Structures are given as structure tokens and as C-alpha cells.
Amino acid sequence: MRVQVLASVMNQSFETISGKMQLDSDAVIINQCDRLGVEEKENNGHLLRFYSFPERGIGRSRNEAILRADGDICLFSDEDIVYEPGYAEKISEEFEKNPDADMILFNVTVEEERRTYHISERKRVHWYNCGRYGAVSFAVKRESLLASGVTFSLLFGGGAKYSNGEDSLFLKEFMSKGYRVYTAPVTIGREEAGESTWFAGYNEKFFRDRGVLYSFLYGKLKSVMALRFLIAHRDKMCREVGVKQAYRWMKEGFAEGKKG
């Protein structure tokens with residue numbers, strides 16, 4: 001099965017990005033910048049296609065990549081991901097082991113402060129625990145993705161109105177349509193530390209945006225899931241504002257989500 005990386009980058013050059021990410025598979029790279037352009041080149045026997053667009057937003061960028069993908073397995077990525085040797089083979093092997101999987105989630109190593117998950121076993125993912133995984137862990141069969149009709153939200157994520165959550169909404173909608181998602185305790189790469197395009201601390205905007213996300217993600221269970229989230233992460237996220245204040249802000253986000 002041919003793995004194809006679908007990478008979202010900003011203001012990058014075709015000459016440096018493949019080496020920076022250590023790409024060793026086919027790739028579709030969407031470069032958000034101030035120009036329009038298309039370039040292609042071969043890299044160690046793999047085809048890299050580099051598209052430049054002036055539009056902004058991580059959801060828009062990922063959707064542009066989906067439209068241009070032609071691999072058997074699509075692996076979502078960002079410019080700060082550096083892949084391990086043999087990542088494409090590892091991914092392909094996992095799909096061969098589990099032919100029922102439409103999508104498999106993999107480990108990507110990040111700084112402890114930014115880590116939201118670590119996969120230690122192979123199991124099926126469900127609606128109640130899908131909110132912890134980032135898009136760079138997603139490897140999905142292209143035929144299943146296209147058949148599902150699921151795309152990334154343009155309201156959530158870097159460059160959008162609400163700061164993050166497009167990956168969780170994508171995953172939930174994909175599963176709600178009957179497609180099967182599993183985890184694999186396999187590390188395929190690492191995230192290089194750098195300045196986030198959306199995270200500015202655990203402040204009012206963070207919790208309000210999270211409340212809006214939870215209103216879409218969990219519906220009537222949003223309050224329960226919000227409290228569960230805050231209690232589970234209070235030592236990291238609620239050092240300055242406290243759980244009660246964070247929850248008030250999330251409730252304001254619920255109301256905004258209801259209006260929308």
C-alpha cells in the first residue's frame with residue numbers, strides 16, 4: 001500500500017522541506033504563502049508535489065491536500081514533523097495486519113508539556129476518547145476518506161476563528177459515519193519544538209474556544225466531558241486560573257457554540 005504524506009506548511013521552500021521533514025514517501029505539500037504555484041520533483045524514487053496558495057487556515061490547507069491526494073494511505077502532517085526511517089513501511093504493515101481499519105493512529109513524539117496522548121496498545125477508538133489525538137497521528141485509507149465525504153472544519157484550528165479542534169471534529173465525524181479507527185503503538189516521527197501558531201497559554205480564549213469545540217463534539221454531554229477534561233488536566237492547565245474559572249469560560253463557549 002502506497003503511503004502519501006499530506007503536509008500543511010507555511011512560507012516554506014520546495015528545496016528545503018523534504019530534507020527538513022526527512023520525507024521518504026510520496027507527498028502532497030500545501031504551502032500557505034503569498035503566491036500561487038505548483039512544482040514537482042522526485043526524491044529517492046518518490047514524487048513530491050508542492051502547491052503554493054495565498055489562503056490561510058489549517059483546515060483549508062488539509063482539505064486542499066485531500067483533493068490532490070492519490071496514494072493508498074494518506075498521512076496528515078505539518079512542517080514541524082520529522083519522520084523516522086522506514087515510517088512508510090511501518091504504516092503499511094499496520095494496515096496489512098488490520099485490514100478492517102479505515103484509519104490508524106500512530107505515535108508522534110512531542111515535548112511533555114504538549115503531549116496529549118501516548119499509544120501503548122492496539123485498540124479501537126471511540127467517540128468519548130477521540131479528542132486527544134492530533135491530525136499528525138492520522139493515517140487513513142484514501143478510498144475510505146473519499147467515500148466518507150469528511151473534510152476538516154474551517155472554523156477550528158490554526159488561522160481559523162477558534163484556535164484548535166479541527167482534528168477531533170474530523171475524527172468524530174469519520175467514525176460517526178461507520179468507519180473504523182484503531183491505534184497502533186508504533187512511533188513514526190517526532191515534533192520539533194517551536195512556536196505554536198495558535199497556543200498562547202491556558203487563558204480565557206483557550207477555555208472559551210474549548211467550550212465551543214465541546215458543544216460540537218459532545219452535544220448534550222458537553223458539561224460532563226468538560227469537567228472530566230479540566231479535572232484530568234488541572235495540574236497543567238489550571239495552575240493560574242483554577243478549575244472553576246476555567247469551567248465558567250468553557251460554559252461561555254457552550255453558549256457561543258449553541259448560537260452557531
Side-chain angles (χ1 to χ4, degrees), residues 1-9 17-18 21-30 46-49 58-59 61-110 115-126 129-152 157 166-191:
M1 302 181 76
R2 184 165 63 95
V3 174
Q4 186 176 50
V5 171
L6 306 187
S8 299
V9 308
I17 194 64
S18 62
M21 296 179 66
Q22 296 184 16
L23 293 174
D24 192 24
S25 67
D26 288 358
V28 173
I29 302 166
I30 305 298
H46 302 294
L47 179 62
L48 307 183
R49 287 183 282 149
I58 187 65
S61 178
R62 297 204 193 285
N63 292 340
E64 293 284 4
I66 291 171
L67 288 172
R68 291 159 178 79
D70 58 8
D72 300 309
I73 301 170
C74 297
L75 175 64
F76 292 105
S77 188
D78 293 328
E79 65 187 62
D80 56 1
I81 303 302
V82 179
Y83 287 107
E84 292 192 350
Y87 70 90
E89 289 76 12
K90 292 178 183 178
I91 292 169
S92 183
E93 287 171 4
E94 287 297 318
F95 277 95
E96 289 172 4
K97 291 177 185 176
N98 187 357
D100 289 336
D102 295 294
M103 181 189 295
I104 299 178
L105 311 183
F106 293 86
N107 281 320
V108 174
T109 304
V110 301
R115 193 175 81 174
T116 59
Y117 78 97
H118 178 73
I119 299 169
S120 58
E121 60 182 323
R122 291 176 176 85
K123 62 181 181 181
R124 191 162 179 178
V125 178
H126 300 280
N129 64 358
C130 70
R132 69 187 67 177
Y133 302 103
V136 296
S137 68
F138 299 178
V140 58
K141 289 179 179 175
R142 177 174 167 270
E143 61 179 18
S144 298
L145 176 57
L146 296 182
S148 74
V150 177
T151 58
F152 284 90
E166 79 290 347
D167 34 22
S168 301
L169 292 168
F170 179 92
L171 192 54
K172 181 176 182 288
E173 185 180 358
F174 187 72
M175 292 189 296
S176 72
K177 294 192 174 185
Y179 294 92
R180 293 156 295 196
V181 179
Y182 294 85
T183 58
V186 176
T187 299
I188 58 173
R190 71 179 190 277
E191 178 190 81

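Just so you know, residue 1 is the first one in the sequence shown, and it goes up from there. These numbers come from the heavy atoms of this one structure, side chains and all, not from hydrogens, waters or symmetry mates. Please read all numbers here as calculations on a predicted model, not as lab measurements.
- Taking the six-membered ring where the residue is Trp, Tyr179 and Phe174 present parallel rings, their angle staying beneath 30° rather than reaching 60°.
- Looking only at side-chain heavy atoms (C-beta outward), Leu23 and Tyr87 come within less than 4.5 Å of each other.
- Contact check for Leu105 versus Phe138: side-chain heavy atoms found under the 4.5 Å cut-off.
- The distance from atom CZ of Arg68 to atom CG of Asn63, rounded to the nearest 0.5 Å, is 10.5 Å.
- Proximity of Arg62 to Asp78: side-chain heavy atoms (C-beta onward) are separated by under 4.5 Å at one or more points.
- Two residues are said to be in side-chain contact when any heavy atoms from C-beta on lie closer than 4.5 Å; Glu94 and Ile188 fail this criterion.
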Please walk me through it: do Val186 and Arg122 pass side-chain contact (heavy atoms from CB on, under 4.5 Å)?
-> CA-CA 9 Å; Val186 176; Arg122 291 176 176 85; 4.2 Å; yes
side-chain contact (heavy atoms from CB on, under 4.5 Å) assessment of Ile66 paired with Leu146 = CA-CA 8 Å; Ile66 291 171; Leu146 296 182; 4.2 Å; yes
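- Looking only at atom types and distance, the side chain of Ser25 has no donor-acceptor partner in the side chain of Tyr83 under 3.5 Å away.
- The existence of a salt bridge linking Asp26 and Arg49 is excluded, since no basic side-chain nitrogen approaches an acidic carboxylate oxygen closer than 4.0 Å.
- Between Thr151 and Glu173, the closest side-chain pair of non-hydrogen atoms is not below 4.5 Å.
- Closest non-hydrogen pair, Pro99 versus Lys141, comes out as O-NZ, 3.0 Å.
- No side-chain heavy atom of Met175 sits under 4.5 Å from any side-chain heavy atom of His126.
- Using cut-offs of 30° and 60° for the angle between ring planes, the Phe152 and Phe170 rings count as parallel.
- Interatomic distance, CD of Gln4 versus CD1 of Ile73, reported as 11.0 Å (0.5 Å rounding).
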Passes side-chain contact (heavy atoms from CB on, under 4.5 Å), Met103 versus Leu145? Steps please.
-> CA-CA 9 Å; Met103 181 189 295; Leu145 176 57; over 6 Å; no
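- Glu143 CD: 12 or fewer foreign heavy atoms inside a 6.0 Å radius.
- The nearest pair of heavy atoms linking Ala139 to Phe106 is CB-CE1, 3.8 Å.
- Here the closest heavy-atom approach between residue Ser18 and residue Leu48 is recorded as CB-CD1, 3.4 Å.
- Scanning both residues, Ser77 and Val5, for their nearest heavy atoms gives CB-CG1, 3.7 Å.
- Here the side chains of Ile81 and Glu191 are in contact, with some heavy-atom distance below 4.5 Å.
- Atom CD1 of residue Ile104 and atom CD1 of residue Ile91 lie 9.0 Å apart, to the nearest 0.5 angstrom.
- Rounding to the nearest 0.5 Å gives a distance of 13.0 Å between CG of Asp102 and NZ of Lys177.
- One distance of note links SG of Cys74 with CG of Leu6; it measures 4.5 Å at 0.5 Å rounding.
- The structure places OG1 of Thr183 at 12.0 Å from CZ of Arg124, a figure rounded to the nearest 0.5 Å.
- Using a 4.5 Å cut-off on side-chain heavy atoms (C-beta onward), Glu166 and Ile58 make contact.
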Check the pair Val108, Tyr117 against side-chain contact (heavy atoms from CB on, under 4.5 Å), reporting the backbone distance first and the verdict last.
-> CA-CA 9 Å; Val108 174; Tyr117 78 97; 4.3 Å; yes
